[in-house]
Structure formats: C-alpha cells, structure tokens
Amino acid sequence: MNILGISSWFHDSSAALLLDGELVAYAEEERFNREKHTNAYPLHSTDWVLASNKMTLDDMDEVVFYVNPAMYLWTGLKAVLSHLPYSLSLARSNAATMPPMERIWRLSRLKSILCRNHKAKGKFKLVFLDHYRTHQASAFFASEFDDAAILTMDFAVDGTTEVIAHGHGLHIDDKMKHRLPHGFAIIYAAITHVLGFKWYDEYKVMGMAAFGVSRYLEQIRQLYHYDEMTGRLELDLNYFQFQHAGRASLFSDKMANLFGPPRNPNDAITQREYDLAASLQAAVNQYGLAMASLAKKLTGSPNLCLAGGVAQNCLMNQTICESGIFTRVFIQPLAGDVGGSLGGALYQYHAVHGKPRKYVMRHLYLGPDYATTIAGCERQFGLKEHPSDCWQAEVAQAIAGGAVVGYFGGRMEAGPRALGARSILADARRRDMKDILNSRVKHREHFRPFAPSVLAEEVDTVFEPLPACDSLDYMITTMSVRPEWKEKVPAITHHDGTARVQAVRREYAPDFHSIISHYHALTGVPLVINTSFNDNEPIVCTPEDAVRCFQRTKIDLLVLGSRLYYRDENTHALEVKSDKSPASERMNYR
Ligand SMILES: [Fe+2]
C-alpha cells in the first residue's frame, strides 16, 4: 500500500512517502522554494518524494492531508459566533498566513489541485485527518513501543490542542482532550509576543530562559487554572484576545498590565525579558510534568511518546525524561507541524487499515542527496578542489585549527535541526567560537546557544546520562554537561549548563561520525559544534545553495560530499556571484 502524506497552506509545508509501511522519503517545501516556514503548496517536495522512488501520484493508494477542513471550519465558526461582534475580523483575518476562507476554498479543491500539479488522473483516495491524530501517529507509530502513553501539545489549527492517549499495537485510544481556546501552547505563544518576538520564535525564548530568574511564575499561573486530578485546563480569557482578534493579536491589555508593556522588537532585551522567559520555562516544565504524570495515571504504560509544537521545548523534554515518571520516552524530532505529513501517512496505514508495524524512526536522513551534481556545481562556480588523502581527517584537522566548516554530505536531514548532512561545524573548545560563528556566518542573537554533535558511544562521557530518552539523536532534548567538561567545551555549554545534544551513530552517518572520530583522536574531545548550514534562510538544500552560502559568508572550508574547497584557494569563485535560478530549475532527483 502506497501512501503520500502532505501538509500545506498553514505553515511548514512538507511531503512524506510511505511505501508498504516504510518511510522512504520526506522533505520540507521550504528547502526547495527557499522561504522559511513556507505555507506554499508542497509542489517540489511532493515531486521529489515521488520521482526519487520512480513513482507518480497515480501510483498512490491514498493521499493524506494533516488537517480536517470540517473541524477547521467548525472551530473557526464557533470562535466567531462566541465572540460577536469583536470576532468579525476573524473571518477575514490573514494573520495565520492565509485568509481562512481562502484556505477552505483551496482544501475543497485539493484533489483537483493535486492532479493538476502532478499530472495525475486521480485514482488515489484523498483523506483528511484531525490534526492531532497526525501528531499522535508521528510519535507512536515511529517509536519502538508497542504500548505507550501519547501526549500531544499544540496550538492546534483545527481545534484540539492537547490530548493524552493510550497507544497499543495498531490502536490509539484518546483518554483526555483540551480544545481551543485552552492549551499551554497559547500561553507560550502569547508571552513570546509580549517579549517582542513573533511566530516560530518560541525556541529563542527557550534560549533566553537561562539568563533569567523565574520571578514572574506566580503571574503566569494567573493566566490559567489546571486541575492536576482531572487534567482540566482553563485559560483566563481576560488575558488573551486571539479568540476574537486572531493570531496576529494574542494577548490583551490585561496581560500587558500583568507583565508590563510588551517589548518593541527593535528594543534591546532587558533583564525583565530574561526573567519572563525563565518564568515561562519554569511554568512549561511544571505543566509538562503534570501532564506526563496524568498520562501515566490514565494509561499505566511505562513508555511515553511526545509530539506537537510544545514538544519542541528541549528543556521541558529533559525535565520529563529526568523525572522518572516513564521508563522510556520517545520524542518525535519532527514534533511541530513538519511532522504532519509523516504522521498522517502512518495513521492511515496502521490505525485505519490495520497494517502491521515495521517502521521505526532510526535517523532523519530522508531527503535528496544531489551526489551526482556536485562535480557540475564545481564547474558552474569555478571552484578549485583541494586534494586530500583522507578528507574526513583533514576536515577534523581544520576544525581543530579553528576553521568554520560548511559540510554538505548525503541525504538531507528532515526537520528544523541540521544533523550532519547540511551543517556548519566548528571547534567547541574555543570560548570565542560562538562569537566567531555569529560574526562570520550565523548573525544570531547572543543568547542562543550552539549545539553539539557527539559520538554516540561517548555521550555519557560528556553529559549526565539521560537513560529514559530514546531521542538523543535529534537535538530534541537538552542534557546537562558534566561539571568537569564545562570548561573543556565552553562553546556548546549554555548558561544553565545544558546542551541540545545530537548523538551521532556510525551506521546512519558514517562520514560525519568519521570526522568527529578524527577530531576526537586529535583533541580528546568527542564532539563538535553543529549548527545549520544557512544564514537567516532555510537550511541549504542543493550543492548550489551551499556554494552561495559559502560565497555570502566567511566559511573557511566548504565540503561537498568528499570534495574540499578552501576559501583562500577559491578567491576567484567567491568573487563570481551566480544569479539565482528558480528552484524548479535547480531540482536534481536522486
Ligand atoms: Fe500542530
């Protein structure tokens, strides 16, 4: 049975291909169209997942969409009717990237849009799923567990925000639900906006938390009431106005009075903002723990699966893993809506069709590799390759010598984190490396930490063990750096002593593992800084994207596959600026 999962027209559009229960290809549309968090129809990603497996849309038995339009419409109508006359603006609101009625119109025509875009006759069945189902399935059916509690927490697009469920075999049984306008993601998003940030900036607030103290925790608790016995959550809606004003305006004057005036995005960040971020982190840690405890009580399972936007909070995930509530915890690394296409396909295959489970998520190298186009790219840009007897050893030597390395190799990784296929690598021993990376390539806020990629077999050498966590390979949880290592790897040790870890395994990333192994042999340190290969743009997709980033920034060494290009040996190539061609012309299928 062949199932294509897609997401579109909200944000983070993507496509996933499930062939007889195996996830064979996945890609986010933003990598192709170069628009961060794009809501565009996933034209290129769908074309790629199909063509890379020599298939067409008519080879699919089903296409699954990650939102239920009827629920989306009903949720919107209920919000408008509940808050008249203030809510009339909701109907024409374009705050959530597209006016709702336009979205409904497109969804009603989705099958014909699919057929037109991919030249198909339309033999497949089109299925719409409740959004939370796709989050649940993305975690449970990708885990190793036959039995698990499933906790999803989200700012849901079609109404259901938080669900505790029991996954067993091919079944997912819901035990408790929260629906809009109630959900912790709404609190998190509203305070993110008070702090002067915008949608998708929640991870920045998480990074800020280390620099503050949680002196606003009591005020945050005024925003909601949570009953730990029943799990009932109720926001005090006097502090919010998204329910009648839409997603452009989340909080009311009452919340502004509670925390003080919202920060203008152009203003400097003061201690008030750091303290508010720290308080929010403390609150989400407590809330996550309470929900995990309730999930344990309602299911009795020793295992937990986590997904939904809130599950991207690495510090909350660490707190839950450390709590001992569950023996094992799998956090879906595509916890946000990027996982909707994958989860939709998995839900249909297992829960709807009752097909046996065989896929377990072991890695995220699911995208295109472009290996055959690297030589052409070298010619196109006039790059001069540097010969090397052992390129992995030379890359390690360069990192140890203080170079900033842009590494492009193998199939592109899925999700928001670079995991060694499209990564910038640097020396974690240097205290000044964070500033060097920011000034030369990344241009990020100073409070955001850089993450480490560590040899899987050495994780517990550097970090306090987190044995409950099944998701150490994805930078989806923090770990605490051992006291004796903090001074050895200052560039990846955050202000609170944590780091967002990726464990690198030889079987899934042999070249990346080899680079770190050589670096380990040279320095005695089994990890490097790994940050995404980009500069305020989506992570690079093609070799051409990588070269353009190399040209624009001050990366010292570019690695394409096994070919090395030093900046100082490529002065001419750096002066030649290639014009940007449309993404469709740059496509090269595996
Ligand atoms: Fe979601």
Side-chain angles (χ1 to χ4, degrees), residues 5-16 26 28-30 36-39 42 64-76 79 95-98 100 103 107 127-142 150-165 172 174 177-190 192 198-203 233 242 246-247 250 284 287-288 291 305-314 316-317 331-348 414-416 476:
I6 62 166
S7 58
S8 180
W9 300 322
F10 289 87
H11 55 88
D12 294 301
S13 302
S14 66
Y26 167 95
E28 290 118 353
E29 187 67 12
E30 67 161 32
K36 249 184 169 179
H37 300 293
T38 188
N39 73 339
V64 187
F65 192 80
Y66 80 138
V67 170
N68 178 340
M71 286 303 295
Y72 174 67
L73 185 59
W74 170 238
T75 301
T97 67
M98 185 180 289
R103 191 174 283 131
L107 288 172
V127 179
F128 295 99
L129 287 177
D130 287 349
H131 181 65
Y132 78 95
R133 287 285 184 219
T134 69
H135 281 308
Q136 288 177 325
S138 75
F140 180 57
F141 292 130
I150 308 169
L151 172 58
T152 53
M153 297 189 282
D154 198 19
F155 199 144
V157 293
D158 57 5
T160 305
T161 52
E162 295 171 354
V163 184
I164 291 172
I172 297 177
D174 297 341
K177 283 184 192 175
H178 296 149
R179 286 188 53 80
L180 284 174
H182 307 292
F184 205 93
I186 296 148
I187 298 168
Y188 206 104
T192 296
K198 52 187 191 304
W199 289 101
Y200 317 120
D201 282 346
E202 286 83 356
Y203 64 101
L233 173 76
F242 73 95
R247 294 189 175 209
L250 293 175
V284 76
Y287 187 73
M291 289 289 277
C305 292
L306 275 172
V310 180
Q312 296 178 101
N313 191 298
C314 303
M316 181 195 77
N317 294 342
I331 309 147
Q332 168 53 256
L334 310 181
D337 280 5
V338 292
S341 55
L342 160 66
L346 285 170
Y347 187 83
Q348 276 303 112
I476 192 70

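One-based numbering, in listed order, for ligands and for the atoms of each.
- Ring geometry, F184 versus Y287: the interplanar angle falls under 30°, so the pair is classed parallel (tilted spans 30 to 60°).
- Judged by distance alone, with hydrogens and angles left aside, the side-chain atoms of D130 form no donor-acceptor pair with the main-chain N or O of M71 at under 3.5 Å.
- Looking at H135, its N, O or S atom nearest to the Fe ion (ligand 1) turns out to be NE2.
- The N, O or S atom of D337 lying closest to the Fe ion (ligand 1) is OD1.
- The ring of Y347 has its center no closer than 6.0 angstrom to the ring center of F140.
- One distance of note links CG of L250 with OG1 of T192; it measures 9.0 Å at 0.5 Å rounding.
- The atom of D154 nearest to the Fe ion (ligand 1) is OD2, with the search restricted to N, O or S atoms.
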